[in-house]
Enquirer: 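Sharing a structure below in structure tokens format, with a few things to ask.
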There are 2 protein chains.
Amino acid sequence: MTQRRGRFPTREELRIWRDFIETTEALRAAMAARLQSESGLSTGDYSVLLALTEAENGRLRSSELAATIGWERSRLSHHLGRMDRRGLIRRENCTSDNRGAEAVLTEEGAAAFHRATVPHLRAIRELFVDGLTPAQIRAAGDLAAALGDHLILDREKEENL
Amino acid sequence: MTQRRGRFPTREELRIWRDFIETTEALRAAMAARLQSESGLSTGDYSVLLALTEAENGRLRSSELAATIGWERSRLSHHLGRMDRRGLIRRENCTSDNRGAEAVLTEEGAAAFHRATVPHLRAIRELFVDGLTPAQIRAAGDLAAALGDHLILDREKEENL
DNA sequence: GGAATATAATTGACACGTCAATCATTTCCG
DNA sequence: CGGAAATGATTGACGTGTCAATTATATTCC
């Protein structure tokens, strides 16, 4: 086998890269559109509502919420502002740490999440599961694990310059 | 084997879905960040510049450009506006159809694209190719094809309601 | 105790994407 | 020919994401 590492991608690798990134992007957009039209929620809303629903008392510190769903703090801050305006959550001050803030699920937020759940699960099946064989689904999990691990390694390398 | 189709995703399918969508999103973001920091271009800029570079005379009708890179018209229009402001392209009227517009690659745009190419190819190798085995790369191409075909079918079903 | 530092969160500026509305021109066809 | 419909493209409004700067409170340590 010829040397590969350290060289530019081959034509075939490039083709696969483009296909892969464009298709996953289209999949993301399709799912976002489904969720929006069926439930009036964005995927961001859904992530936040899911995390709060699973949290004790439907409330979480901002930073914990950010960690749970893997968002940057400022992104979450902007998003909570929008969700607050729509009445899906409300913000409260944290009693134990006056710097902190808590996001609290409202009745309306809980209701919106429950209305969204079934259609969203159906969309995951229709757009993702139904399009793949069981072997391909396993391959998708495998790929995600490999790419994710590799991204982390790459980030660490970056930081230790 | 038990009946699957028409049911909600299993726990395992759901885990893989989340892993897959989050990881591909992280990959997209990492690539965008690399391109931005190394070349001062967004991935959108890169797509547009690539299409124009490969086009005859470095110019394309707006609608053809949109079709080439698979964008909606209004998205392209906004993006060309931003690229125009930065001097990467300029707009000209189409002589054969007065409704039409052409996007033309500028010297500056061509130069920016050439500066970006090598680092971008390197990033594709480092973030994608190097993280996967050859079999996994084939699996990625396979997945993209299957998901893409399925998305198209789903869209058609949607339209023929 | 109190200054230096670290941490929690928000804000503002700006790029990006989508949708619906709009405008100009061309094509279709009676 | 001439008006209706189709086409090419732009625009405005708004939600979203990132980065850098800012604000407020806690912690550290002399």
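Proteins get letters first, then strands, A, B, ... in listed order; numbering begins at 1 in each.
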Enquirer: Would you name the heavy atoms of B:Ala55 and B:Leu60 that are closest together and state the gap between them?
Expert: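 Scanning both residues, the minimum pair turns out to be CB-CG, 3.5 Å.
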Enquirer: To the side chain of A:Asp97, which of C:dC16, D:dA26, D:dA9 is closest?
Expert: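 Among C:dC16, D:dA26, D:dA9, the one nearest the side chain of A:Asp97 is D:dA26.
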Enquirer: C:dC14 C1' sits how many Å from B:Met83 CE, rounded?
Expert: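 Computing the B:Met83:CE to C:dC14:C1' distance gives 17 Å.
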Enquirer: Does B:Thr24 use its side chain to pair, donor to acceptor, with the backbone of A:Thr24 at less than 3.5 Å?
Expert: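 No.
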Enquirer: Identify, between B:Glu64 and B:Glu25, the residue whose nearest nucleotide on DNA chain D lies closer to the 5' end.
Expert: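 Result of the comparison: B:Glu64.
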Enquirer: Is it the case that the side chain of B:Arg73 and the backbone of B:Ser63 share a donor-acceptor pair, with hydrogens and angles ignored and the cut-off at 3.5 Å?
Expert: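 No, B:Arg73 side chain to B:Ser63 backbone: no donor-acceptor pair under 3.5 Å.
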Enquirer: Given atom CG of A:Leu41 and atom P of D:dT16, what is their separation to the nearest angstrom?
Expert: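 Roughly 10 Å, once rounded to whole Å.
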Enquirer: Given D:dG15, D:dT7, D:dA9, identify the nucleotide with an atom nearest to the side chain of A:Arg82.
Expert: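 Of all the options, the side chain of A:Arg82 is nearest to D:dG15.
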Enquirer: Just the rounded figure in Å: distance from P of C:dA13 to CZ of B:Arg85.
Expert: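 To the nearest whole Å, that distance equals 16 Å.
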Enquirer: Using OP1 and OP2 only, check whether a side-chain N or O of A:Arg91 sits under 4.0 Å from C:dT10.
Expert: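 The answer is yes; a side-chain N or O of A:Arg91 sits under 4.0 Å from OP1 or OP2.
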Enquirer: Let me know the distance between CG of A:Asn93 and P of D:dA26, rounded to the nearest Å.
Expert: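 For the pair A:Asn93 CG and D:dA26 P, the rounded distance is 11 Å.
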Enquirer: Should A:Glu22 and A:Arg18 count as an ion pair when the cut-off is N to O under 4.0 Å?
Expert: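 No, no charged N to carboxylate O under 4.0 Å.
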Enquirer: Between atom NE2 in A:His79 and atom P in D:dG15, what is the gap in whole Å?
Expert: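 Distance check: A:His79 NE2 to D:dG15 P gives 11 Å.
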Enquirer: Using a 4.0 Å cut-off on heavy atoms, which residues in residues 100-112 of chain B reach DNA chain D? List them by number, or say none.
Expert: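 Those residues are B:Gly100, B:Ala101.
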Enquirer: What integer distance in Å separates B:Arg86:CZ from C:dC16:C1'?
Expert: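 Rounded to whole Å, this separation is 11 Å.
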Enquirer: Rounded to the nearest Å, what distance is computed from the CG atom of residue A:Leu80 to the C1' atom of nucleotide D:dG15?
Expert: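 Whole-Å distance recorded here is 15 Å.
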Enquirer: Thinking salt bridges, do A:Asp45 and A:Arg82 make one under a 4.0 Å N-O criterion?
Expert: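 So A:Asp45 does not pair with A:Arg82 through a salt bridge.
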Enquirer: Would you check if the side chain of B:Ser39 reaches a backbone N or O of B:Gln36 as a donor-acceptor pair within less than 3.5 Å?
Expert: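 Side chain of B:Ser39 to backbone of B:Gln36, a donor-acceptor pair under 3.5 Å: no, none is there.
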Enquirer: Which ones in residues 67-77 of chain B lie close to DNA chain D, meaning a heavy atom under 4.0 Å from one of its atoms?
Expert: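 Here the set is B:Arg73, B:Ser74, B:Ser77.
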Enquirer: Evaluate the salt bridge (charged side-chain N to carboxylate O under 4.0 Å, His left out) criterion for residues A:Glu126 and A:Arg34: first the C-alpha distance (whole Å), next the side-chain angles of each, then the deciding distance (0.1 Å), finally the verdict.
Expert: CA-CA 11 Å; A:Glu126 290 179 5; A:Arg34 282 277 297 249; 2.9 Å; yes
Enquirer: With nearest nucleotides of DNA chain C determined for B:Ser96 and A:Arg61 from heavy-atom distances, which residue corresponds to the more 5′ nucleotide?
Expert: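 The 5'-side residue here is A:Arg61.
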Enquirer: Is the backbone N or O of B:Arg99 less than 3.5 Å from a side-chain atom of B:Asp97, with the two atoms forming a donor-acceptor pair by type?
Expert: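 Confirmed, B:Asp97 side chain pairs with B:Arg99 backbone.
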Enquirer: Rounded to the nearest Å, what distance is computed from the NE2 atom of residue B:His78 to the P atom of nucleotide C:dC19?
Expert: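 Computing the B:His78:NE2 to C:dC19:P distance gives 12 Å.
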Enquirer: Evaluate salt bridge (charged side-chain N to carboxylate O under 4.0 Å, His left out) for A:Arg59 paired with A:Glu102, printing each intermediate quantity in order.
Expert: CA-CA 6 Å; A:Arg59 65 172 57 220; A:Glu102 281 184 331; 2.8 Å; yes
Enquirer: May I ask you to verify if any side-chain N or O of A:Asn98 is less than 4.0 angstrom from the OP1 or OP2 atom of C:dA8?
Expert: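 Negative; the distance criterion is not met.
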